[in-house]
**Q** 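Before we start, here is the structure in question, set down as structure tokens.
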Amino acid sequence: MATKRTKTEKPRSVAPSGRKDENFFEQVFEVVRQIPKGRVTSYGAIAACLGTKGSSRMVGWAMNGSHRVRPKVPAQRVVNRNGMLTGKFHFETITKMEELLKKDGVQVKNDKVVDFRKLFWDPLLEL
DNA sequence: CGCCTGACGAAAC
DNA sequence: GGTTTCGCCAGGC
């Protein structure tokens, strides 16, 4: 494990090969994939974990490409600060998100996660 | 280079 | 608690 990922280091340009550095998106997916089953987190938490605290919107935006990324990214586990399933409209079906969450063991009521605070998984705290 | 958009967040009403 | 407004930053055009 020579690759020690420390949140302190955060070089923007890391693709001198001329390749398009999707570092931002990639990091978002990486964190989301590490979300344990039955847990949820917020966009702002991920953004803060990446160091771009103010770019909470960019996190959700990155999720837009999560559908085409493999392995599949459990975007359903990522909700807003209020625990609301704001991204459900971007899924295949608006019900797919809560279905996946329920399958993970997360109760969803009225488009929002039940006991979101209790199920909240903070990447900054866990990683 | 400038303007608009956006799966957010916090504050105000 | 729900709705509206502003601020945030990166990407698309």
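Only a predicted model underlies this, so the values are computations on that prediction, with no experimental measurement involved. Values below: every heavy atom of this structure, side chains too, minus hydrogens, waters and symmetry copies. Every chain is numbered from 1 and lettered A, B, ... according to where its sequence line falls, protein lines coming before strand lines.
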**Q** Using whole Å, report how far CD1 of A:I46 lies from P of C:dC9.
**A** 19 Å

**Q** Starting at CZ of A:F116 and ending at P of C:dG1, how long is that distance when rounded to a whole Å?
**A** 14 Å

**Q** Atom CG of A:D111 to atom C1' of C:dG1: distance rounded to whole Å?
**A** 15 Å

**Q** Are A:Q27 and A:T52 packed together at the side-chain level, in the sense that at least one heavy-atom pair is separated by less than 4.5 angstrom?
**A** no

**Q** May I have the list of side-chain donor-acceptor pairs in residues 35-44 of chain A shorter than 3.5 Å, sequence neighbours left out?
**A**
| unit_1 | atom_1 | unit_2 | atom_2 | d |
| --- | --- | --- | --- | --- |
| A:T41 | OG1 | A:W121 | O | 2.9 |
| A:S42 | OG | A:A45 | N | 3.3 |
| A:Y43 | OH | A:V78 | O | 3.2 |

**Q** Are any non-hydrogen side-chain atoms of A:F25 and A:M63 less than 4.5 angstrom apart?
**A** no

**Q** According to the side chain to side chain donor-acceptor pair (under 3.5 Å) rule, which pairs have a member within residues 100-118 of chain A, sequence neighbours left out?
**A** A:R77-A:D104, A:K88-A:D111

**Q** Taking the six-membered ring of A:F120, is the NZ or CZ of A:R81 close enough (under 6.0 Å from the centre) and on axis enough (within 45°)?
**A** yes

**Q** Please examine the side chains of A:L119 and A:V106, heavy atoms only from C-beta on, and report whether any two atoms are closer than 4.5 Å.
**A** yes

**Q** Roughly, in whole Å, what's the span from NZ in A:K53 to P in C:dC8?
**A** 12 Å

**Q** What is the separation between atom CZ on A:F24 and atom P on C:dC9, rounded to the nearest whole Å?
**A** 12 Å

**Q** For nucleotides 7-13 of chain B, read 5' to 3', which letter fits each nucleotide if B means a protein heavy atom sits under 4.0 Å from the base, S means only the sugar-phosphate is that close, and - means neither?
**A** BBSS---

**Q** In whole angstrom, give the distance that lies between atom CG of A:N110 and atom C1' of C:dG1.
**A** 11 Å

